[in-house]
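All heavy atoms count here, side chains included; hydrogens, waters and symmetry mates do not. Note on naming: letters A, B, ... go to the chains in the order of the sequence lines (proteins, then strands), and numbering restarts at 1 for each one.
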Amino acid sequence: MDRKDGIGGRELTTKDLVEMYRLMLQSRCFTEQVLVWYEEGRLPQGLHPSVGQEAVGVGACYGLGPDDWVIPSLRTAEAFWTRGVTMLEQLNAMLGNAASVSRGKETSHHAGYPERGILAGTGIVGGSIPVAVGGALALKMRGSEGVMVSFFGDGASNRGDFHEALNLAAVLEAPVVFVCENNLYAQTVPAAVGMAIEDIADRAMGYGMPGRVVDGQDVVAVYAATQGAVGRARRGEGPTLLECKTYRFLPHYPIFEEKRPAEEIERWRERDPIEMLGRRLEEEGLLDEQGKLEMEEAIEAELQEAIGEAEGMPMPDPQEVFENVYREPVEAMGL
Amino acid sequence: MDRKDGIGGRELTTKDLVEMYRLMLQSRCFTEQVLVWYEEGRLPQGLHPSVGQEAVGVGACYGLGPDDWVIPSLRTAEAFWTRGVTMLEQLNAMLGNAASVSRGKETSHHAGYPERGILAGTGIVGGSIPVAVGGALALKMRGSEGVMVSFFGDGASNRGDFHEALNLAAVLEAPVVFVCENNLYAQTVPAAVGMAIEDIADRAMGYGMPGRVVDGQDVVAVYAATQGAVGRARRGEGPTLLECKTYRFLPHYPIFEEKRPAEEIERWRERDPIEMLGRRLEEEGLLDEQGKLEMEEAIEAELQEAIGEAEGMPMPDPQEVFENVYREPVEAMGL
Amino acid sequence: MRTLRYNQALCEALRQEMDRDERVFVLGEDIARHGGVYRVTEGLLERFGPERVIDTPISESGIVGLAVGAALLGMRPVVEIQFMDLITIAMDQIVNSAAKARFVHDGALHAPLVVRTMNLGKGTVYSSQELEAWFTHVPGLKVVMPSDPYDAKGLLISAIRDPDPVIFIEHKALYRIEGEVEEEAYTVPLGQAKLPREGDDVTVVAWSSMVGVAEAAADSLADEGIGVEVIDPRTLVPFDRERVVASVCKTGRLVIVHQAVRRGGFGAEVAAAVTESEAFGYLMAPIRRVANPGVPVPKSGALHPPALPGEADVIGAVRDVMAYG
Amino acid sequence: MRTLRYNQALCEALRQEMDRDERVFVLGEDIARHGGVYRVTEGLLERFGPERVIDTPISESGIVGLAVGAALLGMRPVVEIQFMDLITIAMDQIVNSAAKARFVHDGALHAPLVVRTMNLGKGTVYSSQELEAWFTHVPGLKVVMPSDPYDAKGLLISAIRDPDPVIFIEHKALYRIEGEVEEEAYTVPLGQAKLPREGDDVTVVAWSSMVGVAEAAADSLADEGIGVEVIDPRTLVPFDRERVVASVCKTGRLVIVHQAVRRGGFGAEVAAAVTESEAFGYLMAPIRRVANPGVPVPKSGALHPPALPGEADVIGAVRDVMAYG
Ligand SMILES: Cc1ncc(C[n+]2csc(CCOP(=O)(O)OP(=O)(O)O)c2C)c(N)n1
Ligand SMILES: Cc1ncc(C[n+]2csc(CCOP(=O)(O)OP(=O)(O)O)c2C)c(N)n1
Ligand SMILES: [Mg+2]
Ligand SMILES: [Mg+2]
């Protein structure tokens, strides 16, 4: 049910709210633990922490169906969890072992899980926005009911590909929802240095599509806004740009020094999306302190088991690097 | 003197209006004659006729000073005339003779005349918009009062470079004026097929700069709007996007079949920029039929003389192709 | 067999593949209403409608990216990039989104798209660059360069049916040439060279618009008693290395001809591959490349002779390698 | 002389040139506040202020285009593109706006900009591509690839002072290596190779991060009694052809080493140029290339050995060419 103001989706049940809370919590636990393991040298790489931004990916993906597709940004870990990817799978991808979805060819944040409607994004910020439009067009051409959700950051919205993709989506009426995770920084460059506007949603007008500013810390608001846009897209009414205002509580990547104003970080930490939903669940008597603790313990248990299993996996055979460059083996190329 | 509404520039005198008329007329005569010569095989190439759009280039360049720079689009022949380039010079460029500004290396619509503040645009539609921003930034850094004017079409505004350039100009407060010649078509593709919006000026909002729709058939309106924007830029108030609504009366290039609706062409022909100014000049008693005729004759005479002179010029020495690839001769590159 | 022009042969390939497989669609600038600047998509809009024949805005990067997404989700897009110089805008989408899709998804997905583009040969400085070498350097891409109408049709059909991204490079100088073309749909396999001339003295490897130039040179040289074997690889990736190596083992002399700039051109790869191969021991003369000597292609025809390789250059190079030693 | 790390040497070059010439300015992503991901621009913001040290939005095409415009109107911009794979976005501006500016203006204007970028070697699939070959194929561009701190500083100063557009390619694997670097500003001329090892048996041409690998291989091979001459061309355009040809005339054997993909790599050009040269008559064995065998660089270290060339591969290739015939 979508209202005129772009708010949509079915009414969320208690179970839904608790599950959204769990997904965000899992994301937080996973990230924090991975960063420790990375520090300890137990993982060959870190990740781009989404701590603070969990509501965006969870809210936007919750309520998507099996025919829908997403392309996560480098930071949308939540898209994976919400689409059903397990922590074990992502740990396998980070370790690059033989059990990982790409058998070691690429890492977790560029992983694709086609059977769960996840396309891998490339490492080129903004580059997957036109790809998402093409995916949406294919869904439309094939007569699928599916919708594509494209995630990217504020920084990506300054790329030419953002412009070309949104314009193409509008003229082709592609069933795509653009979810901009505006966390106010592109690596170390403040959004205010990278653009002379406040709201990226304002760019939508230049393409002839609706643009909406969404509270990216409120998972229910993100859910409702995305569902509204998904509904429009499914009905053939074209694309929407959603700008989710959010903030990452940690630096861009572990090696980056924190230079953002402490008080800015503090201010945003007061709007921790997990705590915000947690408070509501508690107030409404849906999940108490004890319930949360048990949930966290369950996640931690799964995580510890997963790392053990992931580390126990064999590594891929080095010769596999020659597979899936082309359909044919590399030697068949002659040179 | 610039008014708040973006209308600016000094009051135009009779002499100015007559000169603007003459520049537009010269452009028309030149283009029509060149197309005939091209048909006859007398010129090795045609041009992208600006017939119908003359008010844009003339209005925008008229009133620019010696420190100002422009980058014409492939169709802004008027920028050359208004900045003082002669018909002989452009014919030399079209013939690729030894007297041409690039000694045969490139043709007229990609010609640069640095001493008259004209940078050559590349053949990549939209590619010179960021270059213009960089030029503007250089002017600012060097402490010049100069302003850069960047011309491009409606089609170019769908390129990623348009987006990146306008955004960069806004954040860097570069003294640049973007003049979009919206002639409703990109080659054969209607603007309405290429974008889902009516006014390209609306895109300005996404960058945090003013955007204005201008009557591109009214040379005085274009002059005033550009001067307003130039004034802003000169005062350090940053860039402006002007969208001049216009129309080309002829196909994109001689080889293209005319498939646009006849009645659309007819409708726009009623707003011929030369006739519009001509009527005003006549009504105000500034230039009569006789005066116009004499003007046209003078242009034709200059043109006929120019082609003779241009055709009499020697061709460049073929070995010159190795010059100005680098500062050093090509052989110095070793390979 | 009836004859068709190169552009008509391409158009027929598109039409027949679109008839056969409804996943195939075409998109690009001026390809629908106008039928393509070189008429390769003529009549397709009328036959297949605007959903499958799409005029796009000027957004080269965007439309290639879009085609990749559509290909990943089951379609078979054929994009037109109006000329090679414009592909410089779309390199990220080609190199990162298209070429690596199969690899990062470890084969669970792949990107069967075709990017059609054309080398114009002589245009302005900005429309004459021949950049095939770039694509050969990128694992994951196949590179096809037909030199006549028959191959144009058969290779385009192969490219469309190929499960990997293919850069399909046409040539303006070839659009009007005529040749025999079968009416039925047929494929010319990727990776098989052809030998339009056989000979024992010198191997000349040439592709695209240079094949005809090499043939003409071979014919002139035959009169001098020099037997030139002309090899047209037809596809640069995959490359029919065996055929070239075998020929050089026979002739002991190799001249490579392309219109692209010599430095860093694909001719260097051919020369290097031969030098690395068993043909090394048979080489009787230095390998020679006939190519653009390292300048932008100028607009003025007066400046063309040193910039653009022609028949005389090929003849000169063949004579040189014959005279060596 | 004091020692500096490669990235510090680069930083010093920028600082000294910005002190010397106020037309020089730097721009790129994360270069001002953060001092660059690899700290090459560290401290510049504090010294020169935000007008000359500019953090830009993520707009690779836009910022290179902007730098071209600024260069044409008298400035000396140094742009940073955070890693080579991203330059795929900026190819139009590099190839069309920058490389051809001098030509189309017939020298009345020129575009003295430097595009600094880095090959990362091993990152993800999307951050490990080494694409120097593309730029060598484009007339108008110079291509510089320093392999140690001394050259890094001297070549960057030369690049900044050079009147033509320069693609300046650093390497992640080199940023932390230390070496002696003069305190004063100095230039290392473009186009002059150096010979970190001399030897009579085999010539090994290697650049950037592969120079150290080649040196290590040479040292091991010396123990076997094989004299390897290692040549580091330092700049690919201009290229010190004479030095390489002279060496091959002496040794009769050539191995070329680069981390980029073999097919279409610049190694092919080196091989072809030598085969075309007077060195042809001296060649005693096929030329060998040690390079990526044609795969995207995978993320998992387990898959690296066949993908990334190393010392053992160089040693193997040298032994092969020694054993030939
Ligand atoms: C086109 C491109 N430029 C630069 C980079 C290097 N880089 C990686 S992440 C990043 C910042 C992205 O910012 P944003 O889009 O806001 O996403 P966020 O990291 O904030 O989630 C940059 C500059 C890149 N990967 N791609
Ligand atoms: C990036 C790019 N794509 C395509 C072309 C081929 N082309 C040349 S002019 C043109 C149309 C340009 O339309 P517009 O920007 O509206 O300018 P107009 O010709 O209408 O003045 C096209 C598609 C090109 N030169 N550059
Ligand atoms: Mg961000
Ligand atoms: Mg137009």
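- The line from CG of L166(B) to CE of M195(A) is 14.5 Å long, rounded to the nearest 0.5 Å.
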Chain B to chain A donor-acceptor contacts, backbone plus side chain, under 3.5 Å:
| from | atom 1 | to | atom 2 | distance (Å) |
| --- | --- | --- | --- | --- |
| S157(B) | O | H163(A) | NE2 | 2.8 |
| N158(B) | OD1 | N167(A) | ND2 | 3.2 |
| G160(B) | N | E164(A) | OE2 | 2.6 |
| H163(B) | NE2 | S157(A) | O | 2.8 |
| E164(B) | OE2 | G160(A) | N | 2.6 |
| N167(B) | OD1 | R203(A) | NH2 | 3.0 |
| N167(B) | ND2 | N158(A) | OD1 | 3.2 |
| N167(B) | ND2 | G194(A) | O | 2.9 |
| G194(B) | O | N167(A) | ND2 | 2.8 |
| R203(B) | NE | G206(A) | O | 2.8 |
| R203(B) | NH2 | N167(A) | OD1 | 3.0 |
| R203(B) | NH2 | G206(A) | O | 3.3 |
| G206(B) | O | R203(A) | NE | 2.8 |
| G206(B) | O | R203(A) | NH2 | 3.2 |

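- Contact annotation for residues 129-136 of chain B against chain A (heavy-atom separation below 4.5 Å): no residues qualify.
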